[in-house]
Amino acid sequence: MTRTHDPQWLDAQYNNRARIPEHAQIFARWAQDSACARERFSPALDLAYGASAAETLDVFPARRPGAPVLVFIHGGWWRSLDKADHSFVAPAFVEAGACVVVPNYALCPAVTIETITLQMVRALAWTWRHVAAHGGDPGRIVVAGHSAGGHLTAMMLSCRWPQVAADLPADLVKAGLSISGVFDLEPIRHTPFLQADLRLTPQDVARLSPAYFPPPDRPLLATVGAQESEEFLRQNRLIRERWGEQAVPVCEAIAGTHHLNVVETLARPGERLHGLALGLLGLG
């Protein structure tokens, strides 16, 4: 057995709740800050982008028409958390001049990662078609995502949009920002605490691992917390190695952050992640 298929080692590498004892307090803070964000900014909540109950999104409207659009995809190993836990991402970007969209998706094991990926395709198609009504410019959509959301961000950059629907442009997503993303699902297939919920097959890994795809012609910025596990640091380097510097012009570990508090820096003006996102939105 190779180290990368050692179950105990893989659990230690990928089980971030076990690695971060204060995770419950962090999630509680996210929920509280998100409730405050919704109260302050009066977003349009639970707009349907698809047929199932899980296919809804929240829109924090822009203050002026024609604003760039940030779509934020939450993490949770495709099996936990909710858009309502992540409204805290929106305020700083709305104040900087953006429109912010936060989609939900169904969770494993009720659905597969492939189903979730297709749900995000529908959420992005909805955004392109409808965001102008909320002050957003459909020609300036940027996707950011954390952890599983980082994986889904890379998947959206790789999507062949005109094959989804004839009205969608090939460059529907202008750029992506991955925070602690997972780009090769093969080790995840062997990670015990995830296996029962994710049920990945070798075929799934090949179909759903961005590291195995050709590089897109739009940029992905790959970031990770500097205090994260060896595997998360490796996954972040891997997408640069596989896609190249042109497709992944930024590949960085964010100093002083672990897997959970790194995403909080996205929402704080003056922090590196916030600045990277503003740059992609044309607001930097």
Side-chain angles (χ1 to χ4, degrees), residues 16 30 34 49 54-55 57-60 68-90 92-93 98 100-108 113-127 141-159 172-185 188 208-211 213 216 218-225 228 232 235-236 238-239 243 247-248 250-252 254 257 259-267 272-274 276-281:
N16 287 298
W30 291 2
S34 292
Y49 67 79
E55 293 177 47
L57 49 77
D58 299 340
V59 181
F60 290 76
V69 180
L70 179 68
V71 178
F72 179 80
I73 305 176
H74 76 78
W77 282 126
W78 308 276
R79 65 177 192 165
S80 68
L81 301 179
D82 189 272
K83 64 179 172 57
D85 301 311
H86 294 82
S87 302
F88 73 86
V89 168
F93 289 102
V100 179
V101 178
V102 188
N104 244 11
Y105 49 84
L107 300 175
C108 300
I113 295 175
E114 183 169 2
T115 295
I116 293 169
T117 301
L118 293 173
Q119 288 178 331
M120 289 301 91
V121 168
R122 287 193 285 278
L124 266 294
W126 183 98
T127 299
I141 296 172
V142 170
V143 181
H146 175 235
S147 197
H151 162 267
L152 293 165
T153 296
M155 295 294 283
M156 295 306 100
L157 270 181
S158 299
C159 183
L172 187 152
V173 177
K174 291 297 188 288
L177 171 60
S178 170
I179 306 164
S180 308
V182 177
F183 306 107
D184 176 8
L185 301 190
I188 308 306
L208 298 167
S209 293
F213 299 171
R218 297 169 305 285
L220 175 74
L221 310 188
T223 66
V224 65
E228 298 204 48
F232 273 96
Q235 290 268 3
N236 198 63
L238 178 67
I239 198 65
W243 280 8
V248 187
V250 171
C251 181
E252 290 184 16
I254 306 300
T257 61
H259 186 78
L260 296 180
N261 62 16
V262 66
V263 73
E264 297 175 357
T265 71
L266 176 68
R272 175 63 171 161
L273 278 185
H274 188 74
L276 288 173
L278 288 181
L280 293 178
L281 292 163

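Not measured: the values here are computed from a predicted model. Position 1 is the first residue of the sequence, and the numbers go up from there.
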Inter-residue atom distance [X].[atom1] - [Y].[atom2], 0.5 Å rounding:
| X | Y | atom1 | atom2 | answer |
| --- | --- | --- | --- | --- |
| Met156 | Thr127 | CE | OG1 | 11.0 Å |
| Phe93 | Phe72 | CZ | CZ | 9.5 Å |
| Glu252 | Arg272 | CD | CZ | 4.0 Å |
| Thr223 | Leu273 | OG1 | CG | 4.5 Å |
| Ile113 | Trp77 | CD1 | CH2 | 9.0 Å |
| Leu281 | Leu276 | CG | CG | 11.0 Å |

Where [X] and [Y] come nearest, the two heavy atoms and their spacing:
| X | Y | value |
| --- | --- | --- |
| Ile239 | Asn236 | CG2-O, 3.4 Å |
| Ala211 | Leu238 | CB-CD2, 3.9 Å |
| Gly181 | Phe232 | O-CD2, 4.4 Å |
| Pro219 | Lys174 | CD-O, 3.6 Å |
| Ala247 | Pro216 | CB-O, 3.9 Å |
| Ala277 | Leu177 | CB-CD2, 4.0 Å |

Any [X] side-chain heavy atom under 4.5 Å of [Y] side chain:
| X | Y | value |
| --- | --- | --- |
| Thr153 | Leu220 | yes |
| His74 | Asp85 | no |
| Trp126 | Val59 | yes |
| Leu157 | Phe213 | no |
| His86 | Leu81 | yes |
| Val71 | Leu57 | no |
| Cys108 | Ile116 | yes |
| Val262 | Val224 | no |

Donor-acceptor under 3.5 Å ([X] side chain, [Y] main chain):
| X | Y | answer |
| --- | --- | --- |
| Ser178 | Ala222 | no |
| Gln235 | Phe183 | yes |
| His146 | Glu264 | no |
| His274 | Ala267 | no |
| Asn104 | Asp82 | no |
| Tyr49 | Ala125 | no |
| Gln119 | Ala106 | yes |
| Ser147 | Gly76 | no |

Does the plane of the ring in Trp78 sit parallel, tilted or perpendicular to the ring in His151? Use 30° and 60° as the thresholds. perpendicular
Quick one, Leu70 with Phe60, criterion side chain to side chain contact (heavy atoms under 4.5 Å, CB included). Give me CA distance, side-chain angles, the key distance, then yes/no. CA-CA 10 Å; Leu70 179 68; Phe60 290 76; over 6 Å; no
Take Ser158 and Trp243, measure what side chain to side chain contact (heavy atoms under 4.5 Å, CB included) needs, and give me the verdict at the end. CA-CA 11 Å; Ser158 299; Trp243 280 8; 3.6 Å; yes
